[in-house]
2 protein chains.
Amino acid sequence: MVQAKLTPELLHIIAERFKAIGEPARLQILNTLRDGERTVTELVEETGLGQGNVSKHLQLLHTLGFVTRRKDGLHVYYAIADRSVFKLCDIMCGRLEAETSARRRVLAAR
Amino acid sequence: MVQAKLTPELLHIIAERFKAIGEPARLQILNTLRDGERTVTELVEETGLGQGNVSKHLQLLHTLGFVTRRKDGLHVYYAIADRSVFKLCDIMCGRLEAETSARRRVLAAR
DNA sequence: CCGACATATGACTGTATGGCAATATAGTGA
DNA sequence: TCACTATATTGCCATACAGTCATATGTCGG
């Protein structure tokens, strides 16, 4: 949150996007797309999620700008729209590691 | 998501934390804490949220490591635990701006 | 001890949402 | 046109959760 004016509307928009990636299935989909675009069927196979479920998640991810979508005949390809989403995840993982380290230090001090 | 092994468990833990900040009220609380620790009452006044509501959100934010908590007599002070949460928000805002710019470019090309 | 104050917590309600099953829709080739 | 395939969509159900209200709990000072 840059020191810009935080209107309730902006808070809502930001929160909405965090909520989108606050779902394991959607994170899994994004991670699967990490090394290249995929069709829905491929995502279904690689994630083990149901087809209808994947489709629903993709719709939301597309609507909120997390993935791009292109159609080629029968096939629809989805890909990561902006790789900064992985930066978000990296930061969150870093926090987790820092927390874990802090916990280990507490235990070691006993 | 660093190229580390992404177990379902890790996905869940990461998602849980994104979900925590995927709620406008909690973002508002974090933003209010941005320039210094506050008591619950101060947060209630400054956010306009209900006391019970604020308390509940704080409990979750504390449990997930977003805020620290210290007690001083009658008062409990909450503060930001790790300022990287604002880095998360900055990145998300940056994405929004990029999206908005891209949209303006599309419109201008008409 | 009691009253005031600050905070946490429990119960309830209404709304949102993930996952599933079924079906609709779109595209292709024979 | 029809059958097949890929994908999107709809409706339903169970669960999660935000917000509210009331109450419980802890602290302090007279």
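Chain identifiers are assigned alphabetically (A, B, ...) following the order of the sequence lines, protein sequences preceding nucleic acid strands; residue numbering begins at 1 within each chain. Heavy atoms only: backbone and side chains are in, while hydrogens, waters and symmetry mates are out. These numbers were taken from a predicted model, which means no experiment stands behind them.
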Open item on the list: I need the minimum non-hydrogen distance between A:Gln28 and A:Thr47, along with the two atoms involved.
Closed with: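 Minimum heavy-atom contact is NE2-O, 3.2 Å.
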TODO: Compute the bend angle of the helix from C:dC1-D:dG30 to C:dA30-D:dT1 from the end axes (five pairs per end), rounded to 10°.
DONE: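 Terminal axis comparison yields 20°.
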Task: B:Glu23: side chain to side chain donor-acceptor pair (under 3.5 Å) partners, not counting sequence neighbours - done: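 Counting only residues at least two positions away or on another chain, B:Glu23 forms no side chain to side chain donor-acceptor pair (under 3.5 Å).
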Open item on the list: My understanding is that only residues two or more places apart in sequence, or in another chain, count here; which of them pass side chain to side chain donor-acceptor pair (under 3.5 Å) with B:Arg17?
Closed with: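 None.
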Residues two or more places apart in sequence or in another chain: which of them pass side chain to side chain contact (heavy atoms under 4.5 Å, CB included) with [X]?
| X | result |
| --- | --- |
| A:Glu46 | A:Thr32, A:Arg38, A:Glu42 |
| A:His12 | B:Pro24 |
| A:Glu45 | A:Thr41 |
| B:Ala79 | B:Glu37, B:Thr68 |

Open item on the list: Check this for me: B:Arg104, atom CZ, are more than 12 non-hydrogen atoms of other residues, nucleotides or ligands nearer than 6.0 Å?
Closed with: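 Not buried by this count: 12 neighbours or fewer within 6.0 Å.
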- [ ] Could you tell me from which nucleotide to which nucleotide of DNA chain D, 5' to 3', there is an atom under 4.0 Å from chain A heavy atoms?
- [x]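 Span of nucleotides near chain A: D:dT5 to D:dG11.
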Mind calculating the distance between [atom1] ([X]) and [atom2] ([N]) to the nearest angstrom?
| X | N | atom1 | atom2 | result |
| --- | --- | --- | --- | --- |
| B:Glu42 | C:dC5 | CD | C1' | 14 Å |
| B:Tyr78 | C:dT7 | OH | P | 8 Å |
| A:Leu64 | C:dT17 | CG | P | 11 Å |

Task: side-chain N/O B:Arg70 vs C:dT7 OP1/OP2, d < 4.0 Å - done: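 No, no such contact exists.
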- [ ] Determine: side-chain N/O of B:Thr41 to OP1/OP2 of C:dT7, distance under 4.0 Å, yes or no.
- [x]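 Indeed, a polar side-chain atom of B:Thr41 lies that close.
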Between side-chain atoms of residues 56-65 of chain A and protein atoms elsewhere (two or more places apart, or another chain), which donor-acceptor pairs fall under 3.5 Å?
| from | atom 1 | to | atom 2 | distance (Å) |
| --- | --- | --- | --- | --- |
| A:His57 | ND1 | A:Arg26 | NH1 | 3.1 |
| A:His57 | NE2 | A:Asn53 | OD1 | 3.4 |
| A:Thr63 | OG1 | A:Gln59 | O | 2.8 |

- [ ] Sequence neighbours left out, what passes salt bridge (Lys or Arg N to Asp or Glu O under 4.0 Å) with A:Arg103? Give chain and number order.
- [x]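 A:Arg103 satisfies salt bridge (Lys or Arg N to Asp or Glu O under 4.0 Å) with A:Glu99 once adjacent residues are dropped.
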Open item on the list: Students often get this wrong, so: under 4.0 angstrom with heavy atoms, is A:Ser55 touching a base, only sugar-phosphate, or nothing?
Closed with: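 If one applies the 4.0 Å heavy-atom cut-off, A:Ser55 turns out to touch a base.
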- [ ] Examine the side chains of A:Tyr78 and A:Arg69 and answer whether a donor and an acceptor come within less than 3.5 Å of each other.
- [x]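 There is such a pair between these side chains.
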Task: Letter per nucleotide, 5' to 3', of nucleotides 18-27 of chain C [B base touched, S only sugar-phosphate touched, - untouched; heavy atoms, 4.0 Å] - done: SBB-----BB
